[in-house]
Amino acid sequence: MAAEVIDGKAFAADLRARIATHVAKLKDEHGITPGLAVVLVGEDPASQVYVRSKGKQTLEAGMASFEHKLPAETTEAELLAKVRELNADPEVHGILVQLPLPGHLDSDLVINAIDPKKDVDGFHISNVGLLATGQKSLVPCTPLGCLMMLKAHHGSLSGMEAVVIGRSNIVGKPMAQLLLGESCTVTIAHSRTKDLAEVVSRADIVIAAVGRPEMVPGDWIKPGATVIDVGINRVAKADGEGHRLVGDVDYASAAEVAGAITPVPGGVGPMTIACLLSNTLTACCRARGLPEPAL
Ligand code: GUN
């Protein structure tokens with residue numbers, strides 16, 4: 001039987017609508033406008049597209065958007081000064097420094113200079129530690145979006161076998177922590193994992209986040225499993241005319257075996273920015289001592 005398609009685009013639109021309603025209420029009742037500052041250093045084309053999209057969706061949700069575009073030659077001291085300025089700005093509730101940074105800048109140093117309470121990416125070491133110890137934190141957006149879709153689909157995830165393929169700080173590691181927090185039995189697989197096919201075939205939930213086009217074939221998937229494909233890979237079309245986007249999972253073969261699957265595009269991708277807006281709203285409510293929205 002063909003898998004149910006988990007429509008991340010519709011899910012994200014619904015989440016953004018709920019956020020916008022809450023933002024309007026914050027303005028009406030408290031005169032507060034949540035604000036998100038995005039810092040982009042250099043001119044990486046993919047980053048420029050993401051930053052534009054973040055700015056547009058921030059405004060559409062009724063929030064304030066502050067874009068800071070700095071030249072590629074920006075020094076570490078200049079970037080740190082910008083981060084400190086945003087930390088001190090009461091109109092800014094969330095700060096995101098777009099990654100990757102140019103090679104001469106130390107991203108760990110820059111991220112850890114962000115006020116953890118404004119770290120809407122959830123990358124600051126204190127947010128990483130809070131998540132790992134099950135305390136209230138700001139959670140990285142892509143894994144948060146994956147978890148929301150999984151919980152909406154399954155309800156409880158307790159006792160399920162989850163395999164996360166990929167061990168990045170942005171997706172793999174925080175995803176594993178979130179699934180552990182939901183009482184899954186979690187395996188993190190990666191490029192050195194010995195029999196990846198065997199590991200994946202045990203999973204009730206597969207999260208593919210490796211950045212390798214269509215590397216997970218359908219015959220690795222346990223029948224009925226839920227497959228969340230985080231990959232967004234540009235590959236040349238077979239006829240050589242332009243490109244198409246594919247995930248880390250071979251969608252056609254996986255969709256024949258899985259119980260549910262996210263498509264690429266239109267699966268996890270749209271949820272990432274929606275969760276960024278959700279984190280900004282959460283950070284704003286916490287900063288102002290207001291109840292956090294139950295989104
Ligand atoms: N570059 C690619 N994904 C992300 C993300 O989630 N946050 C930031 N800051 N940069 C990114």
Side-chain angles (χ1 to χ4, degrees), residues 5-27 33-38 40 46-67 92-99 118-123 127 131 137-154 157 168 170-171 174-175 177-179 181-182 207-209 226-232 245 247 260-286 292-295:
V5 178
I6 300 177
D7 186 347
K9 203 170 157 190
F11 206 99
D14 193 51
L15 177 58
R16 289 197 306 270
R18 279 179 276 137
I19 292 168
T21 303
H22 204 92
V23 169
K25 210 165 134 228
L26 268 186
K27 268 190 212 172
T33 303
L36 172 65
V38 175
L40 174 64
S47 292
Q48 284 176 326
V49 173
Y50 287 134
V51 167
R52 212 173 305 133
S53 190
K54 283 169 193 165
K56 183 168 169 276
Q57 293 187 34
T58 304
L59 294 174
E60 282 169 1
M63 301 189 187
S65 168
F66 308 99
E67 274 182 26
V92 172
H93 304 97
I95 302 171
L96 179 144
V97 176
Q98 184 67 29
L99 302 176
K118 297 189 179 189
D119 168 39
V120 282
D121 259 330
F123 295 164
N127 280 317
L131 175 62
S137 64
L138 286 165
V139 176
C141 304
T142 300
L144 181 58
C146 294
L147 187 72
M148 282 183 185
M149 290 193 288
L150 280 170
K151 286 174 79 169
H153 186 74
H154 285 284
L157 308 181
S168 71
I170 295 183
V171 184
M175 187 75 245
Q177 293 290 1
L178 286 173
L179 291 166
E182 297 297 324
I207 313 275
T226 299
V227 178
I228 305 288
D229 191 350
V230 181
I232 302 178
L245 289 182
I261 187 166
T262 58
V264 177
V268 174
M271 282 301 285
T272 297
I273 300 184
C275 287
L276 175 67
L277 303 179
S278 161
N279 277 351
T280 304
L281 176 57
T282 298
C284 174
C285 292
R286 287 181 189 168
E292 284 175 37
L295 298 164

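Owing to the predicted nature of the structure, the values given are computational and were not obtained by experimental measurement.
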Within the side chain of [X], is there an N or O that forms a donor-acceptor pair under 3.5 Å with the backbone of [Y]?
{"X": "T262", "Y": "I228", "result": "no"}
{"X": "N279", "Y": "V139", "result": "yes"}
{"X": "T58", "Y": "K54", "result": "yes"}

For the [atom1] atom of [X] and the [atom2] atom of [Y], what is their distance to the nearest 0.5 Å?
{"X": "L157", "Y": "L178", "atom1": "CG", "atom2": "CG", "answer": "10.5 Å"}
{"X": "S137", "Y": "D119", "atom1": "OG", "atom2": "CG", "answer": "9.5 Å"}
{"X": "M271", "Y": "L144", "atom1": "CE", "atom2": "CG", "answer": "7.0 Å"}
{"X": "K27", "Y": "K25", "atom1": "NZ", "atom2": "NZ", "answer": "15.0 Å"}
{"X": "C284", "Y": "K118", "atom1": "SG", "atom2": "NZ", "answer": "10.5 Å"}
{"X": "L36", "Y": "Q57", "atom1": "CG", "atom2": "CD", "answer": "11.0 Å"}

Locate the shortest heavy-atom distance separating [X] from [Y]; write the atom from each residue and the value.
{"X": "F11", "Y": "M148", "value": "CZ-O, 3.7 Å"}
{"X": "L295", "Y": "S278", "value": "CD1-OG, 3.6 Å"}
{"X": "S65", "Y": "G55", "value": "OG-CA, 3.6 Å"}
{"X": "G8", "Y": "M149", "value": "CA-SD, 3.8 Å"}
{"X": "I232", "Y": "G269", "value": "CD1-CA, 4.4 Å"}
{"X": "M175", "Y": "L147", "value": "CE-N, 4.1 Å"}

Worksheet item: Does D121 have any side chain to side chain donor-acceptor pair (under 3.5 Å) partners at least two apart in sequence or in another chain, and if so, which?
Response: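 For D121 there are no side chain to side chain donor-acceptor pair (under 3.5 Å) partners, ignoring immediate neighbours.
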Any [X] side-chain heavy atom under 4.5 Å of [Y] side chain:
{"X": "F123", "Y": "L99", "result": "yes"}
{"X": "E67", "Y": "L40", "result": "no"}
{"X": "V23", "Y": "L277", "result": "no"}
{"X": "R286", "Y": "L138", "result": "yes"}
{"X": "T280", "Y": "I19", "result": "no"}
{"X": "I261", "Y": "D229", "result": "no"}

Discussion item. If we check side-chain contact (heavy atoms from CB on, under 4.5 Å) with L26, which of these qualifies: T33, L281, T21?
Written reply: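 Exactly one candidate clears the test, L281.
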Practice prompt. Verify side-chain contact (heavy atoms from CB on, under 4.5 Å) between R16 and I273, making sure each step is shown before the conclusion.
Written response: CA-CA 9 Å; R16 289 197 306 270; I273 300 184; 5.9 Å; no
Practice prompt. Mind running side-chain contact (heavy atoms from CB on, under 4.5 Å) on M63 and H93 for me, showing each step along the way?
Written response: CA-CA 10 Å; M63 301 189 187; H93 304 97; over 6 Å; no
Worksheet entry | Heavy atoms from other residues, nucleotides or ligands near CZ of F66 exceed 12 (cutoff 6.0 Å) |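 Yes - once you tally the heavy atoms of other residues, nucleotides and ligands closer than 6.0 Å, there are more than 12.
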